[in-house]
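Note sheet for the following structure.
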There are 2 protein chains.
Amino acid sequence: MATIAVENYLKHVLLLSAGSDDLVSMGALASAVAVVPGTATTMVKALADEGLVEHQPRHGVRLTPEGRRLALNVLRKHRLVETFLVNVLKMDWAKVHAEAEQLEHAISDEVLDRLDALLGHPQTDPHGDPIPSRQGKLSSQVYATLATCVTDRGVRIVRITEQSPEFLQFAEQNGLQPGTTVRVTDRNVPAGLVTLKKSGGRALALSIVAAGKILVEPAR
Amino acid sequence: MATIAVENYLKHVLLLSAGSDDLVSMGALASAVAVVPGTATTMVKALADEGLVEHQPRHGVRLTPEGRRLALNVLRKHRLVETFLVNVLKMDWAKVHAEAEQLEHAISDEVLDRLDALLGHPQTDPHGDPIPSRQGKLSSQVYATLATCVTDRGVRIVRITEQSPEFLQFAEQNGLQPGTTVRVTDRNVPAGLVTLKKSGGRALALSIVAAGKILVEPAR
DNA sequence: GGCCTTATTTTGATTAGTCAAAATAAATCT
DNA sequence: AGATTTATTTTGACTAATCAAAATAAGGCC
Ligand SMILES: [Mn+2]
Ligand SMILES: [Mn+2]
Ligand SMILES: [Mn+2]
Ligand SMILES: [Mn+2]
């Protein structure tokens with residue numbers, strides 16, 4: 001059985017490689033799992049011995065098919081648990097990430113399946129993050145963000161790519177959640193500012209960096 | 001934060017001391033947590049240093065008030081999780097114990113409270129085991145068992161004190177679950193045999209040992 | 001090409017939890 | 001009481017995971 005630490009490393013390699021199959025740097029991995037770089041190196045070498053990752057010393061890591069399979073299963077647990085916590089237990093969507101970080105290692109595949117059924121086989125979690133399918137398929141659709149999308153046109157928020165409670169709470173308070181339609185009224189790059197309006201709401205200003213964390217699609 | 005190992009030790013000291021406040025022997029504790037006796041000694045000394053147990057060398061352990069508080073919280077999580085798994089996810093009651101053994105260490109107090117509310121503040125889990133209250137009160141009601149109760153009188157099953165999947169599956173298959181009313185038709189101590197009948201069912205034989213694991217109360 | 005900066009790896013220690021097997025104390029049995 | 005059996009503790013060793021700090025390699029810059 002993979003330990004909790006192993007599951008966390010694999011999951012973060014998956015998240016950091018983001019669709020593409022290029023190498024994940026040690027530094028990025030270390031800071032994602034919140035360990036010192038040397039620790040990541042040690043662990044990655046152990047994972048490579050187990051055949052879960054491929055390690056190119058001095059360059060980075062990537063998942064093997066087996067490592068990817070495990071990582072996807074953990075990610076599926078994480079996101080289904082988040083969905084359960086929000087949809088069934090009515091928890092604050094800003095808090096469920098920390099909760100799921102633990103639970104993803106404690107639930108069995110059977111509980112996973114039953115949760116999935118109870119929730120009606122959701123495609124995304126409460127933040128719009130895609131839930132890997134039981135067969136290990138993970139949607140990697142590319143979206144525009146509030147920092148890059150067309151202006152003066154309605155766009156629908158599909159995903160918030162940031163787990164910090166602070167950001168999520170801010171988004172919630174301003175109604176920036178998956179499903180909401182907004183319109184970018186102004187984008188001032190030198191000032192690093194994006195201004196937007198919810199249909200029938202008042203204006204809201206956001207930094208370009210913050211806007212870049214909110215994925216959108218054209219509102220049909 | 002208490003580690004998973006610490007939580008397990010504390011929970012088992014609580015279960016083994018069963019209401020009374022006498023000492024739990026090292027041997028019993030070691031086999032409950034499935035470690036070698038020396039390991040239990042080492043851990044108990046560490047727990048004593050943390051003020052979670054009182055260790056009387058060569059005689060045994062008992063929980064301090066603080067250790068008891070922690071242990072009750074873990075036990076509450078365990079039993080509420082079991083209840084959730086059976087009542088909401090419709091899992092087999094024979095399998096939920098193993099599942100809860102992991103989950104009891106992964107859920108936060110907030111999730112605990114929400115689960116409790118979702119389930120309607122149950123008093124017992126699916127096996128009839130009492131669920132400690134949020135304030136740390138644990139019912140210690142004493143019941144007769146099918147090995148000791150009156151014969152030829154209806155008795156209602158209130159609890160199965162045995163977690164093994166085999167036993168629970170056997171009990172389920174024969175309709176021996178909390179709530180069911182049965183009647184002991186014969187008890188042959190020398191032969192070590194108990195015979196009983198479900199109201200309107202056929203006879204069923206059980207060893208005295210097995211019968212002793214099924215707690216009952218007079219059916220009014 | 002050589003130097004400098006930065007990322008990565010190595011080395012040496014530490015902590016939590018565990019086991020095997022030897023040592024010791026307590027109980028039990030002649 | 002003395003001997004034997006049984007439970008507990010001690011000792012020494014091991015694994016997984018981590019950090020601090022020194023050593024090393026890459027990549028970019030003059
Ligand atoms: Mn995690
Ligand atoms: Mn999410
Ligand atoms: Mn447990
Ligand atoms: Mn139970």
Side-chain angles (χ1 to χ4, degrees), chain A residues 1-18 22-63 66-67 70-71 74 101-102 104-106, chain B residues 1-18 22-63 66-67 70-71 74 101-102 104-106:
Chain A
M1 243 323 105
T3 65
I4 291 177
V6 165
E7 290 188 344
N8 279 330
Y9 278 94
L10 294 177
K11 188 188 67 175
H12 281 113
V13 174
L14 175 67
L15 291 173
L16 290 169
S17 64
D22 26 77
L23 294 171
V24 171
S25 80
M26 269 336 192
L29 179 57
S31 94
V33 302
V35 294
V36 117
T39 301
T41 300
T42 306
M43 182 54 122
V44 161
K45 286 205 291 186
L47 294 177
D49 286 347
E50 305 250 315
L52 299 173
V53 302
E54 180 190 337
H55 180 205
Q56 311 221 313
R58 236 93 214 187
H59 291 89
V61 232
R62 77 162 51 91
L63 295 172
E66 174 64 0
L70 286 177
V74 176
E101 206 52 56
Q102 304 307 313
E104 65 189 358
H105 313 292
Chain B
M1 240 328 104
T3 64
I4 292 177
V6 165
E7 290 189 344
N8 279 329
Y9 279 93
L10 293 176
K11 187 188 67 174
H12 280 113
V13 174
L14 174 67
L15 291 173
L16 290 169
S17 64
D22 27 78
L23 295 171
V24 171
S25 79
M26 268 340 192
L29 179 56
S31 93
V33 303
V35 294
V36 116
T39 301
T41 299
T42 306
M43 182 54 123
V44 161
K45 286 205 291 185
L47 294 177
D49 286 347
E50 305 249 316
L52 300 173
V53 303
E54 181 190 335
H55 181 203
Q56 311 220 313
R58 235 94 216 187
H59 290 92
V61 233
R62 76 161 54 88
L63 295 171
E66 174 65 0
L70 286 176
V74 176
E101 206 53 55
Q102 304 306 313
E104 66 189 358
H105 313 292

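Note on naming: letters A, B, ... go to the chains in the order of the sequence lines (proteins, then strands), and numbering restarts at 1 for each one. Bear in mind the structure is a predicted one, so any value in this text is a computation, not a measurement.
Among the nucleotides C:dT9, D:dT9, C:dT18, the one closest to any side-chain atom of B:Val35 is C:dT18. Side-chain atoms of B:Pro37 lie closest to D:dT9 of the nucleotides C:dT18, C:dT10, D:dT9. Distances were taken from every side-chain heavy atom of B:Ala5 (C-beta onward) to each of D:dT9, C:dT18, D:dA17; the shortest belongs to C:dT18.
Between the P atom of D:dT11 and the NZ atom of B:Lys45 lies a distance of 8 Å, rounded to the nearest Å. Atom-to-atom, CE of A:Met43 to P of C:dT9 comes out at 15 Å; the value is rounded to the nearest Å. Regarding A:Met1, its CE atom lies at a distance of 18 Å from the C1' atom of D:dT15, rounded to whole Å. For A:Gln56 and C:dT8, the CD to P distance is 13 Å, given to the nearest whole Å. Distance A:Ile4 CD1 to C:dG17 C1': 14 Å, rounded to the nearest Å. Distance CG (A:Leu29) to P (C:dT9): 11 Å, rounded to an integer number of Å. Rounded to whole angstrom, the span from the CG atom of B:Asp49 across to the P atom of C:dG17 amounts to 13 Å. For the pair A:Leu23 CG and D:dG27 P, the interatomic distance rounds to 12 Å; values are reported in whole Å.
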Task: Stepwise side chain to side chain contact (heavy atoms under 4.5 Å, CB included) check, A:Val6 with A:Met43 - done: CA-CA 8 Å; A:Val6 165; A:Met43 182 54 122; 3.9 Å; yes
Open item on the list: Between B:Val13 and B:Arg62, is the side chain to side chain contact (heavy atoms under 4.5 Å, CB included) condition met? List the steps.
Closed with: CA-CA 7 Å; B:Val13 174; B:Arg62 76 161 54 88; 5.6 Å; no
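For C:dT18, the OP1/OP2 oxygens have a side-chain nitrogen or oxygen of B:Tyr9 closer than 4.0 Å. One finds a side-chain N or O of B:His55 lying less than 4.0 angstrom from the OP1 or OP2 phosphate oxygen of D:dT9. Between A:Thr3 and the phosphate of D:dA17, there is a side-chain N or O to OP1/OP2 separation shorter than 4.0 Å. Taking only side-chain nitrogens and oxygens, A:His59 never comes nearer than 4.0 Å to OP1 or OP2 of C:dT9. An OP1 or OP2 oxygen of C:dT18 is reached within less than 4.0 angstrom by no side-chain nitrogen or oxygen of B:Thr39.
Base engagement by A:Gly38 is indicated by at least one non-hydrogen atom pair under 4.0 Å involving a base atom.
Taking the side chain as every heavy atom from C-beta outward, A:Asn8 and A:Glu101 approach each other to under 4.5 Å. Counting only heavy atoms from C-beta outward, the side chains of B:Leu70 and B:Lys11 never approach each other to under 4.5 Å.
Between the side chain of B:Arg58 and the base of D:dT9, no donor-acceptor pair under 3.5 Å is found.
B:His12 places no side-chain N or O within donor-acceptor distance of the main-chain N or O of B:Leu10, the cut-off being under 3.5 Å.
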